[in-house]
Enquirer: 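One structure, as structure tokens, below. Some questions next.
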Amino acid sequence: MLDVTVIEEPAAAEASLDPIRSRILAALSEPGSAAMLAARLGLPRQKVNYHLKELERHGLVELVEERRKGNVTERVYSATAASYVISPVTLAAVSPDPDRAPDRLSARWLLALGSRLIQEVGTLLTGSARAGKPVTTFAMDAKIRFASAADRAAFADELTRAVTTLVSRYHDENAAGGREHRLVLGLHPIPTARPGNPGNPHDPSDPSHQHAPGNPHGPGPAADPAALPDSVTEQEDPR
């Protein structure tokens, strides 16, 4: 079983979002038959069996064992992954496009970048699975607590300068056998639920959500996006 996999087919996405089928997928973190799942979930076995066939048809569960019990063959299934991510490619023409309105100070543009990241890495994983080769990637995740909006703006400026320098140093447009990679950086406040209102994690009164003084649009970039090499904006294809 994979730790995570990406759903790229609209029909598979629809199947995974069905409430009963999502419960079945969660239950199949451990292998089980229709009868076993029916007992676990408190559902009729016939209904579970129907949903299992649909999930199997879309590649979300797989047959791992067949057991003979008298005159009956019990089919044991397992989820193909511990968790699933639905690729924006399933939305086709309405999927987010970060090239449509690039704005480094926009949370919506950050969301569009994240959407493209899921789409492209999902495509790479699908291609690597078919080829039997791993995907070479790198990722970092860190939490930063800024003392003020001014510190956050200074951090963004310094980070922009550092990344621009590194990209310029290592980018080689004419390297024989080279391959383009995409670098994505994002910075956002971590949502926290307000007391008495857990459904709304955004607190506009939180100073960390405010823009830097003197700049109503937030911290300004230290370098023009056009100065970055094209290699960080081209789409990566699986190899």
Side-chain angles (χ1 to χ4, degrees), residues 1-98 108 110-135 137 139 141 190-191 193 197-201 235-238:
M1 178 189 294
L2 299 172
D3 180 55
V4 62
T5 192
V6 178
I7 297 174
E8 297 181 307
E9 296 295 328
E14 182 179 3
S16 70
L17 292 173
D18 178 272
I20 292 179
R21 293 172 190 169
S22 64
R23 291 178 61 198
I24 291 174
L25 285 174
L28 284 177
S29 58
E30 299 180 1
S33 64
M36 296 166 63
L37 289 168
R40 289 181 200 171
L41 303 176
L43 297 169
R45 184 182 61 81
Q46 293 83 353
K47 177 177 287 190
V48 171
N49 195 49
Y50 165 76
H51 288 298
L52 275 174
K53 290 180 179 178
E54 286 298 300
L55 291 170
E56 184 181 24
R57 184 164 68 91
H58 294 296
L60 300 176
V61 303
E62 58 187 357
L63 181 67
V64 295
E65 186 182 359
E66 288 186 331
R67 302 169 181 165
R68 290 289 299 178
K69 288 191 174 182
N71 296 326
V72 178
T73 299
E74 184 180 53
R75 296 166 61 86
V76 179
Y77 293 89
S78 175
T80 55
S83 56
Y84 299 85
V85 175
I86 297 177
S87 171
V89 74
T90 60
L91 296 173
V94 295
S95 62
D97 179 8
R108 288 179 172 81
L110 177 60
L111 194 62
L113 288 173
S115 172
R116 184 171 62 185
L117 176 68
I118 293 171
Q119 178 177 335
E120 292 185 350
V121 174
T123 299
L124 288 169
L125 287 173
T126 299
S128 69
R130 292 171 182 162
K133 297 180 180 180
V135 180
T137 60
D141 181 31
I190 298 175
N197 189 14
N200 184 6
Q235 183 172 358
E236 183 174 19
D237 61 312

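Computed from a predicted structure; not experimentally measured. Throughout, numbering of the chain's residues begins at 1 and tracks the sequence.
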Enquirer: CD of Glu14: more than 12 outside heavy atoms within 6.0 angstrom?
Expert: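 It does not: Glu14 CD has 12 such atoms or fewer within range.
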
Enquirer: Is it the case that the side chains of Thr126 and Glu8 hold a donor-acceptor pair, with the cut-off being a distance below 3.5 Å and no angle test?
Expert: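 There is such a pair between these side chains.
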
Enquirer: Compare every heavy atom of Leu55 with every heavy atom of Ile24, then report the nearest pair and how far apart it is.
Expert: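 Smallest heavy-atom distance, with atoms named: CG2-CD1, 3.8 Å.
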
Enquirer: Please find the pair of heavy atoms, one from Tyr84 and one from Leu25, that lie closest to each other, and give the distance.
Expert: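 It is OH-CD2, 3.9 Å.
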
Enquirer: Can you tell me how far apart CE (Met36) and OH (Tyr77) are? Round to the nearest 0.5 Å.
Expert: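 If I round to the nearest 0.5 Å, the distance is 13.5 Å.
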
Enquirer: Starting at CZ of Arg116, measure out to OG1 of Thr123 and round the result to the nearest 0.5 Å.
Expert: 12.5 Å

Enquirer: Between Arg57 and Glu54 (salt bridge meaning N to carboxylate O under 4.0 Å), is one present in this structure?
Expert: yes

Enquirer: If I compare all heavy atoms of Asp3 with all of Ala82, which pair ends up nearest, and what's the gap?
Expert: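 It is O-CB, 3.5 Å.
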
Enquirer: To the nearest 0.5 Å, how far apart are CG in Asn49 and OG in Ser33?
Expert: 9.5 Å

Enquirer: For Glu74, look at atom CD and say whether over 12 heavy atoms of other residues, nucleotides or ligands are found less than 6.0 Å away.
Expert: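 More than 12 within 6.0 Å, yes.
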
Enquirer: How long is the span from the NE2 atom in His51 to the CG atom in Asp18, to the nearest 0.5 Å?
Expert: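 Taking NE2 in His51 and CG in Asp18, the distance rounds to 5.5 Å.
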
Enquirer: Take Ile86 and Leu17 through the side chain to side chain contact (heavy atoms under 4.5 Å, CB included) test and state the conclusion after the steps.
Expert: CA-CA 10 Å; Ile86 297 177; Leu17 292 173; 3.9 Å; yes

Enquirer: Heavy-atom distance under 4.5 Å between the side chains of Val6 and Val121, does that happen here?
Expert: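 In short, these two side chains do not touch, never coming nearer than 4.5 Å.
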
Enquirer: How many angstroms lie between atom CG of Leu28 and atom CG of Leu37, to the nearest 0.5 angstrom?
Expert: 4.5 Å

Enquirer: Under the side chain to side chain donor-acceptor pair (under 3.5 Å) rule, collect the residues that match up with Arg23, sequence neighbours excluded.
Expert: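 In terms of side chain to side chain donor-acceptor pair (under 3.5 Å), with neighbours along the sequence ignored, Arg23 is linked to no residue.
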
Enquirer: Apply side-chain contact (heavy atoms from CB on, under 4.5 Å) to Ser115 and list each qualifying residue two or more places apart in sequence or on a separate chain.
Expert: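 Scan of Ser115 (side-chain contact (heavy atoms from CB on, under 4.5 Å), adjacent residues dropped) gives Pro88, Pro96.
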
Enquirer: Looking at every non-hydrogen atom in both residues, tell me the closest pair between Thr73 and Arg68 and how far apart they are.
Expert: OG1-NH1, 2.8 Å

Enquirer: Check the pair Thr5, Leu125 against side chain to side chain contact (heavy atoms under 4.5 Å, CB included), reporting the backbone distance first and the verdict last.
Expert: CA-CA 8 Å; Thr5 192; Leu125 287 173; over 6 Å; no

Enquirer: For Ile118 and Ser87, which heavy atoms make the closest approach, and how far apart are they?
Expert: CG2-CA, 4.1 Å

Enquirer: Thr80 side chain to Leu60 main-chain N or O, any donor-acceptor pair under 3.5 Å?
Expert: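 A pair under 3.5 Å: yes.
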
Enquirer: Out of Glu62, Glu65, Glu66, which one pairs with Arg75 under the salt bridge (charged side-chain N to carboxylate O under 4.0 Å, His left out) rule?
Expert: Glu66

Enquirer: What closest approach, in Å, do Thr90 and Ile7 show between heavy atoms, and which atom pair accounts for it?
Expert: CG2-O, 3.7 Å

Enquirer: So, does Ser128 use its side chain to make a donor-acceptor pair with the main chain of Leu124 at under 3.5 Å?
Expert: yes

